[in-house]
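Report on the following structure.
All values below come from the heavy atoms of this structure, side chains included, with hydrogens, waters and symmetry mates left out. Letters A, B, ... are given to chains in the order of the sequence lines, protein chains preceding strands, and every chain is numbered from 1.
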Amino acid sequence: IFHFTKLLQVAGQAEDYHSAEKFMLELHRRGLKLNSHTFSSLISMYSRAGMVDKVVETHTKMKETGVKPDVVAMNACITAYGRALMICKMEQVFAEMHGHGIDPNQITMNAMVGGYAKAGMTSEMARCYRAMVKGKLRPDTMTSNAIISGKGKVGKTFEMDIMFRKMQDRTVDINLITLSIMIDGYGKAKKISEMGRPYNEMQEKGLGGDLVTLSSMIAGYGRNGMIGEMEKMFMKMT
RNA sequence: CCGGAAGCUCGUCGC
């Protein structure tokens, strides 16, 4: 089972779902029992592939087979339900952790914040953030990035700025993704001059900017009808 | 703290 779990992981990260399926069949044929590593790998893989029904099916199976869930498997479920915007299910899994005697860790909270961010549930994000600080789980770059993303999604650019400053104050690393999220948020709010700021900061830090960054810039200029600026960004993609 | 490492966490658009 250890071997097959590894194979599934590799197939999953390579997005080779055909092979993954074959490994699953073979694994069943041999009557191997899935363990928590297998389940977390499967759930994560199905989630990335957008196969929500398979996520639910696998999660259900994990509960039925009586495999002892661990924090990683629970985290994988939380992430998967968050991505699928099944917020009630996500919260349910989170609540079940206590019953299993599993303590949420930093990744658990980041996954929760990520789900709320995708759903635009900003007050719930803030609640998680406060719970982290209180529970001595330090919010990190990913936590902050998710929060800024959620604020941007609902057009609260001023609150994006607050979180950004908080990162600076707490010396949380500001990375390429942080700045890309800021660009996207300003762009969606049509705050074009503000949008240039994180982009410039990127250049100053030598981070360059990747395809996602440039796509966000192009979309921002596009919303304002700034065709010339769009084309300039497009050229940088080469 | 450093190094090794891969089951889970963050960004645009599309499917």
Nearest-Å distance, OH (A/Y186) to C1' (B/U12)?
17 Å
Check A/L32, A/V10, A/T38 against A/T5 for a side-chain contact (heavy atoms from CB on, under 4.5 Å) and give me the one that passes.
A/T38
With sequence neighbours left out, what residues match A/S19 under side-chain contact (heavy atoms from CB on, under 4.5 Å)?
A/A11, A/D16, A/F23
Under 3.5 Å donor-acceptor, A/E15 side chain and A/A49 backbone
no
Full working for salt bridge (Lys or Arg N to Asp or Glu O under 4.0 Å) between A/E64 and A/K61:
CA-CA 5 Å; A/E64 286 170 356; A/K61 202 161 108 190; over 6 Å; no
Nucleotide B/C10, atom P - distance to CG of A/D184 in whole Å:
15 Å
Side-chain contact check for A/K188: nearest option of B/U9, B/C10, B/U12 is B/U12
Output the single nucleotide from B/C8, B/U12, B/G7 whose closest atom is nearest the side chain of A/H37.
B/G7
Between P on B/G7 and CD1 on A/I1, what's the gap in Å once rounded to a whole number?
15 Å
Could you tell me the separation between the CG atom of A/L8 and the P atom of B/A6, rounded to a whole number of Å?
16 Å
Quick one: is A/K153 getting a side-chain N or O under 4.0 Å of the B/G11 phosphate, OP1 or OP2?
no
Establish, with yes or no, whether the OP1 or OP2 oxygen of B/G7 is under 4.0 angstrom from a side-chain nitrogen or oxygen of A/K6.
yes
Ignoring hydrogens and angles, does a donor from either the side chain of A/N75 or the base of B/G7 sit under 3.5 Å from an acceptor on the other?
no
Is the shortest side-chain N to carboxylate O distance from A/K232 to A/E229 below 4.0 Å?
yes
Under 3.5 Å donor-acceptor, A/S149 side chain and A/N145 backbone
no
Would you mind reading off the distance between A/I148 atom CD1 and B/U9 atom P, rounded to a whole angstrom?
20 Å
So what does A/N105 hit on the nucleic acid, given a heavy-atom distance under 4.0 Å: a base, only sugar-phosphate, or nothing?
nothing
Options B/C10, B/G11, B/C8, nucleotide nearest the side-chain atoms of A/I107
B/C8
Quick one: A/F234 CZ to B/U12 C1', roughly how many Å, whole number?
15 Å
Would you state whether a donor and an acceptor, one from the side chain of A/S36 and one from the base of B/G7, lie under 3.5 Å apart?
yes
Is it the case that B/G7 (base atoms only) and A/S41 (side chain only) share a donor and an acceptor within less than 3.5 Å, ignoring hydrogens and angles?
no
Kindly state which residues belonging to residues 190-216 of chain A come within less than 4.0 angstrom of RNA chain B, counting heavy atoms of the residue only, listed by number.
A/D210, A/V212, A/T213, A/S215, A/S216
Residue A/S40, side-chain heavy atoms: nucleotide from B/G11, B/G7, B/U9 that is nearest:
B/G7
Looking at A/R48, does any N or O in its side chain come under 4.0 Å of the phosphate oxygens OP1/OP2 on B/U9?
yes
Any base atoms under 4.0 Å from A/I181, or only sugar-phosphate, or nothing? Heavy atoms, all strands.
sugar-phosphate
Closer than 4.0 angstrom, basic N to acidic O: yes or no for A/E26 and A/K22?
no
A/R48 and A/S44 side chains, donor-acceptor separation under 3.5 Å
yes
